[in-house]
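Here is the structure we will look at, set down as structure tokens.
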Amino acid sequence: MPLVSIVDVRKSFGSNEVLKGVSLPVERGDVVAIVGRSGSGKSTLLRCINGLESHDSGTITVDGLEVGGAATDMRVLRRQVGMIFQQFNLFPHLTALGNVMLAPRIVLKMGEREARDIALDMLAKVGLADKRDNYPSQLSGGQQQRVAIARALAMRPMALLCDEITSALDPELINEVLRVVETLASEGMTLMLVTHEMRFARDVGTKLVFMHQGRVHEEGPPKALFAAPQTLELQQFIGASRA
Amino acid sequence: MADFSLWVIVSNLLLAARWTIALSLIAFVCGGVVGLLLLFARISGVRLLERFVFLYVEFFQGTPLLMQMFMLFFGVALFGVEISPWMAASLALTLWTSAFLTEIWRGCVKSVPLGQWDAADSLGFNFVDLMRYVILPQALRISVPPTVGFLVQVVKGTALASIIGFVELTRAGTMINNATFRPFLVYTIVGLIYFALCFPLSLLAKSLERRLNAAR
């Protein structure tokens, strides 16, 4: 059974149907790169998986729990699925360490020491052990995003949702974040990334999903799709992003 | 008729000012507690609660404080319940203050970026913890200057309690004027005492605003 299973999901904002029946299985250890033009529904799809947006019809299950299902405690589900955002969304009133520790302390009800140990481990993992006492405003964008990754990892999630996590970064800061994601991928973390980094999608992804007008227009192994896109829309998209 | 020296006038007004301060403190502390509870109701996501608080706030913001005091003082008496001017004034000021603070604080909560809610939600926080650890600490910083600024309105609002017969600074001024027939002198002193109470609060609000902005 797939870790994340998306079946015929639809979602409208008012009269604008953003997702028009999306189906997608994600296996454990998959690195799914979701690409497409803006407005194609990529981010909305990602936000439906942990219930930040509610879908209108269809089903999404994560490790057997149905998103939005009557029997599902969404807070339990969300602990298992980490999310990283374009704008980092670090808590500005807490230090890097405080950001990473908070959810283990409060949501998982860990003791201070245990939460701190885990948080320090995670900060070390993203290469920011020495920045633990810095506030987000004292960190670069790349550093903030790495703290955000550490914050998500500290919950020991089964999967990570990455919503255009390098789009707000200066070009020279993108790689430090991508390197961290690549390490996670190599360690077997299940990842779903909405991204504009085509080279990263091709080299690190195990699956490429091209979304177009609210549907999965084409999907498959990234290298094969990049080499020989089957549909005109993907050809154009790849062509445009090379230019 | 006895001759009132300036010192007698000033000292009596200062004594009465204690009640202005007491009334202000009661209004602010009780209004703050009620306002915080209303704030939670206002942003709880429960439609009925939100609607109720919306109407509550609109009522107290949309009618004069004086009328609210009259309604409490005379209205409650209609039901055969004795209510002292002291009680009526405290109650009316508390309700009035809570309505304004709820609205001020709601604005502060709303000004915390949506991404903060997303981040906390995606980490599995429940509503109370999300408010307590993520949203309120940030909203609090934003709220301090306007809250302290509003305290000035509360202090001045207590003057209306004089009309339902509560002896605070303004009422004492009226009484002393009735005995001395020196309205300009008496009310100038009354005004100066109000100013002495409010001006430091305004300064505090401004300096807090500067300090909190600098910390960002």
Side-chain angles (χ1 to χ4, degrees), chain A residues 43 46-54 62 65 72-94 98-109 135-138 144-145 147-157 159-163 168, chain B residues 32 36 39-41 43-50 101 104-148 205 207-216:
Chain A
S43 286
L46 217 55
R47 290 170 64 87
C48 282
I49 293 171
N50 69 351
L52 286 187
E53 300 286 354
S54 57
V62 177
L65 292 173
T72 307
D73 183 345
M74 283 308 290
R75 294 204 296 274
V76 172
L77 189 146
R78 282 171 178 164
R79 285 177 216 164
Q80 331 242 12
V81 186
M83 189 158 196
I84 304 157
F85 303 88
Q86 183 175 353
Q87 298 296 340
F88 329 133
N89 297 349
L90 289 181
F91 305 135
H93 57 300
L94 299 175
N99 265 277
V100 182
M101 273 179 74
L102 188 66
R105 282 271 286 133
I106 305 304
V107 178
L108 301 181
K109 300 192 165 37
Y135 285 88
S137 59
Q138 301 165 321
Q144 288 190 54
Q145 194 60 295
V147 173
I149 294 172
R151 180 175 70 175
L153 290 177
M155 297 295 282
R156 307 258 184 239
L160 276 185
L161 310 173
C162 305
D163 189 5
Chain B
L36 196 62
L39 171 70
F40 284 134
I43 56 179
S44 62
V46 182
R47 232 191 128 83
L48 208 67
L49 279 179
E50 291 184 353
L101 287 180
I104 291 173
W105 292 342
R106 188 182 71 88
C108 297
V109 167
K110 289 290 164 201
S111 69
V112 175
L114 282 177
Q116 295 290 308
W117 301 75
D118 279 351
D121 275 338
S122 70
L123 288 165
F125 280 84
N126 63 39
F127 180 74
V128 173
D129 287 340
L130 179 152
M131 290 307 291
R132 180 170 163 201
Y133 294 101
V134 178
I135 304 299
L136 288 184
Q138 299 181 55
L140 192 71
R141 302 182 97 184
I142 312 171
S143 73
V144 171
T147 303
V148 175
S207 98
L208 284 169
E209 190 170 344
R210 230 175 301 124
R211 230 180 310 160
L212 291 173
N213 277 339
R216 232 176 267 165

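No experiment lies behind these values; they were computed from the predicted model shown. Only this structure's heavy atoms are used, side chains among them; waters, hydrogens and symmetry mates stay out. Just so we're on the same page: letters track the sequence lines, and every chain starts at 1.
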Derivation and outcome, salt bridge (Lys or Arg N to Asp or Glu O under 4.0 Å), residues B/Asp118 and A/Arg47: CA-CA 10 Å; B/Asp118 279 351; A/Arg47 290 170 64 87; 2.9 Å; yes
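- The two residues B/Ala119 and A/Arg151 have their closest heavy-atom pair at CB-NH2, 3.5 Å.
- Here B/Asp129 pairs with nothing under the salt bridge (charged side-chain N to carboxylate O under 4.0 Å, His left out) rule; sequence neighbours left out.
- Side chain of A/His93 to main chain of B/Ile135: no donor-acceptor pair is present (N/O by atom type, distance under 3.5 Å, no hydrogens or angles).
- We find the OG-CG distance between B/Ser122 and A/Asp163 to be 11.0 Å, quoted to the nearest 0.5 Å.
- When A/Pro157, A/Ala152, A/Gly82, A/Pro92 are compared by the number of non-hydrogen pairs under 4.5 Å with chain B, A/Pro92 comes out ahead.
- Residues B/Leu123 and A/Met155 approach most closely at O-CE, 3.3 Å, considering heavy atoms.
- Contact of A/Val81 with chain B is made through the backbone alone, with heavy-atom distances under 4.5 Å.
- In this view, B/Thr147 and B/Trp105 satisfy the side-chain hydrogen bond (donor to acceptor under 3.5 Å, both in side chains) rule, not counting sequence neighbours.
- Between the CZ atom of B/Phe125 and the CG atom of A/Leu102 there is a distance of 3.5 Å, given to the nearest 0.5 Å.
- Along residues 83-90 of chain A, the residues that come nearer than 4.5 angstrom to chain B, judged on non-hydrogen atoms, are A/Met83, A/Phe85, A/Asn89, A/Leu90 in order of number.
- For A/Arg79, the salt bridge (charged side-chain N to carboxylate O under 4.0 Å, His left out) test picks out no residue, with sequence neighbours left out.
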